[in-house]
Asker: 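The following block contains the structure, expressed as structure tokens.
Below, chain A is the first sequence line, B the second, and so on; all start at residue 1.
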Amino acid sequence: MKENVCENFLIAKMAEIDDEEIQASTENVESHLKTCENCRHEIEQMKLSHSLLNAQVRQQAAADLWPNIELHLQKRNESLRNLSSFVFVGLLLVSLKLLEMIPEQGFGLAFRLIPLGFVVAIFAILRENPFKINTRLTEEDCI
Amino acid sequence: MEDATIIKKCLAGEPNTFGLLVERYQNQAVGHAVAILGNRDDALDAVQQAFIDAFRSLGRFDPSRTFYPWFYVLIRNRCYKLAGQRRQIVPFDETELLAPQSGQDEDQRILLETALRSLSPDAREIITLKYLDGLTYRELAEHLQIPEGTVMSRLFHARKQLQVRLTSGLSKKEPQV
């Protein structure tokens, strides 16, 4: 219990040293410090490390992150474009299926070949040859 | 160009302007990430990912706020996520937290550097933000997303941790009689 009381006064005193607004009254803090040797010792120790730290400067870190970030964002845009193409083709297929479900409607052979056309379109969007097996790993695939 | 203008241009369809924000804040961000993670490689990974997170979240950024405190939250999230993913604690590398200065006691700086490195990541983070960046309690609360009362308490405990490390470091240096 006493430790919590001391901690509150120490925090208030450090806030005063930091030029911050303190929660407790200055008189109460000073009055406690007069009676508590442990707190006086703690404050002296903290003042020493406070002045030591105040004299320090952060080491500057140099970095050049934009090329990698730009590459990542470009890849992301590409995959989003491909995704939207897939979504469009998917919606067309669903519409086709719904049309097929209309009773007593014969759309003929050409209508049944439309899904094949969509598959060809998907490979065209992806710019992939479905008959080629790519066994070469690229450096980009490993990133 | 101001940060708010850059963000506006990014959202209006000029994503390459985001590069200006990256160039403006990358060094500061890497320094902060090093203070949390302790090594430069992890810091670079975390900051790079944080910038990508920021780009994706630009639509949710409130232009009346300043950019870096908002971005700092993303850096923290990435740093602590990366730290959690590491199975072992990666020891501090050669990267220094404190810059050497002319006229300064170099032994004292090294002692302080060693003491800072031995702190827990969150203690080191709050100490370096307070003293190396000069943030007020309010600014610390904004960066760390905690109330000011919690800032004061965490700072107190971080200072105590540092004091113990400094004292043990000094006693090791003193010759044993």
Asker: Compare every heavy atom of B:N27 with every heavy atom of A:A62, then report the nearest pair and how far apart it is.
Answerer: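 Of all heavy-atom pairs spanning A:A62 and B:N27, the closest is CA-OD1, 3.5 Å.
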Asker: Taking the side chain as C-beta and beyond, is there a heavy-atom pair between B:D133 and A:R58 under 4.5 Å?
Answerer: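 When only atoms from C-beta onward are counted, A:R58 and B:D133 do touch, with a gap below 4.5 Å.
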Asker: Identify whether B:V73 and B:I126 are in the same connected component of the hydrophobic contact network (ILVMFWY, side-chain heavy atoms under 4.5 Å).
Answerer: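 Shared cluster, no.
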Asker: For B:Q28 and A:Q60, run side chain to side chain contact (heavy atoms under 4.5 Å, CB included): C-alpha distance rounded to whole Å, both residues' side-chain angles, the deciding distance at 0.1 Å, then the answer.
Answerer: CA-CA 8 Å; B:Q28 187 180 2; A:Q60 290 302 312; over 6 Å; no
Asker: Please look at A:L73 and chain B and tell me whether the side chain, the backbone, both or neither of the residue comes under 4.5 angstrom of a heavy atom of that chain.
Answerer: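 Just its side chain gets close to chain B.
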Asker: Give me the contact list for residues 45-71 of chain B versus chain A, heavy atoms only, anything under 4.5 Å, ordered by residue number.
Answerer: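 At a heavy-atom separation under 4.5 Å, chain A is reached by B:V47, B:Q48, B:F51, B:I52, B:F55, B:R56.
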Asker: Where do B:R40 and A:A61 come nearest, in terms of heavy atoms and distance?
Answerer: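 Shortest heavy-atom separation between B:R40 and A:A61 comes out as NH1-CB, 4.0 Å.
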Asker: In this structure, would B:L166 and B:I110 fall into the same cluster of hydrophobic residues linked by side-chain contacts under 4.5 Å?
Answerer: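 Hydrophobic grouping puts B:L166 apart from B:I110.
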Asker: I need the minimum non-hydrogen distance between A:I11 and B:S153, along with the two atoms involved.
Answerer: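 So the minimum-distance heavy-atom pair works out to CD1-CA, 4.0 Å.
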Asker: More than 12 foreign heavy atoms under 6.0 Å from CD of B:E106: is that the case here?
Answerer: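 Counting other residues, nucleotides and ligands, CD of B:E106 exceeds 12 neighbours.
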Asker: Atom CG in A:L65, atom CD in B:E23: separation rounded to 0.5 Å?
Answerer: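 Those atoms lie 10.0 Å apart.
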Asker: Grab the two heavy atoms, one from A:W66 and one from B:Q26, that are nearest each other, plus how far apart they are.
Answerer: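 The pair with the smallest heavy-atom distance is N-OE1, 4.1 Å.
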Asker: Is the closest side-chain heavy-atom distance between B:L162 and A:L53 below 4.5 Å?
Answerer: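 Yes - at least one pair of side-chain heavy atoms lies under 4.5 Å apart.
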Asker: Between OG of A:S51 and OH of B:Y131, what distance do you get to the nearest 0.5 Å?
Answerer: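 Between A:S51 OG and B:Y131 OH, I get 9.0 Å after rounding to 0.5 Å.
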Asker: Select one option (side chain, backbone, both, neither) describing which atoms of B:L112 are under 4.5 Å from chain A's heavy atoms.
Answerer: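 Just its side chain gets close to chain A.
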Asker: For the residue pair B:L155 and A:D18, establish whether any side-chain heavy-atom pair is separated by less than 4.5 Å.
Answerer: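 Heavy-atom side-chain distance check passes, below 4.5 Å.
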Asker: For the hydrophobic clusters of this structure (ILVMFWY residues joined by side-chain heavy atoms under 4.5 Å, transitively), does one cluster hold both A:V57 and B:L129?
Answerer: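 No.
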Asker: Mind checking the CE-CE spacing from B:M152 to A:M14? Nearest 0.5 Å is all I need.
Answerer: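 So the gap between those two atoms works out to 10.5 Å.
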Asker: In terms of side-chain geometry, is the basic nitrogen of A:E20 or B:R138 positioned less than 4.0 Å from the acidic oxygen of its partner?
Answerer: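 Judged by the 4.0 Å cut-off on N to carboxylate O distance, A:E20 and B:R138 do not form a salt bridge.
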Asker: Identify which part of B:D105 has an atom lying under 4.5 Å from any heavy atom of chain A, answering side chain, backbone, both or neither.
Answerer: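 Answer is neither: B:D105 stays 4.5 Å or more from chain A.
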Asker: Can you tell me which of A:L52, A:L48, A:N54 forms the most heavy-atom pairs within a distance under 4.5 Å of chain B?
Answerer: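 Option with the top pair count is A:L52.
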Asker: Does some side-chain heavy atom of B:E148 sit less than 4.5 Å from a side-chain heavy atom of A:E21?
Answerer: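 A:E21 vs B:E148: side chains apart.
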Asker: Name the option with the most non-hydrogen atom pairs under 4.5 Å to chain A; the candidates are B:N16, B:L21, B:V30.
Answerer: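 Top option by heavy-atom pairs under 4.5 Å: B:N16.
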Asker: Would you say that A:E70 contacts B:F18 through its side chain, given a criterion of any heavy-atom pair below 4.5 Å between the two side chains?
Answerer: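 SC-SC contact between A:E70 and B:F18 ruled out.
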Asker: Mark yes or no for whether A:Q59, through its side chain, and B:G31, through its backbone, hold a donor-acceptor pair below 3.5 Å.
Answerer: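 Checking the backbone N and O of B:G31 against the side chain of A:Q59, no donor-acceptor pair under 3.5 Å is found.
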Asker: Whether the B:Q104 and A:Q56 side chains hold a donor-acceptor pair (N or O, under 3.5 Å, no angle test) is what I'd like checked.
Answerer: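 A:Q56 and B:Q104 do have a side-chain donor-acceptor pair below 3.5 Å.
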Asker: Would you kindly confirm whether B:V164 and A:L10 end up in one hydrophobic cluster when ILVMFWY residues are joined by side chain heavy atoms under 4.5 Å apart?
Answerer: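 Per the 4.5 Å side-chain linkage, B:V164 and A:L10 are not co-clustered.
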Asker: Sort B:L44 into side chain, backbone, both or neither according to what part of it lies under 4.5 angstrom from a heavy atom of chain A.
Answerer: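 Answer is both: backbone and side chain atoms of B:L44 are under 4.5 Å from chain A.
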Asker: Chain A heavy atoms under 4.5 Å from B:I127: which part of the residue, side chain, backbone, both or neither?
Answerer: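 Only the side chain of B:I127 comes within 4.5 Å of chain A.
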Asker: Are B:H157 and A:E7 close enough that some pair of their side-chain heavy atoms sits under 4.5 Å apart?
Answerer: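 The answer is yes, as the side chains (C-beta and beyond) meet within the 4.5 Å cut-off.
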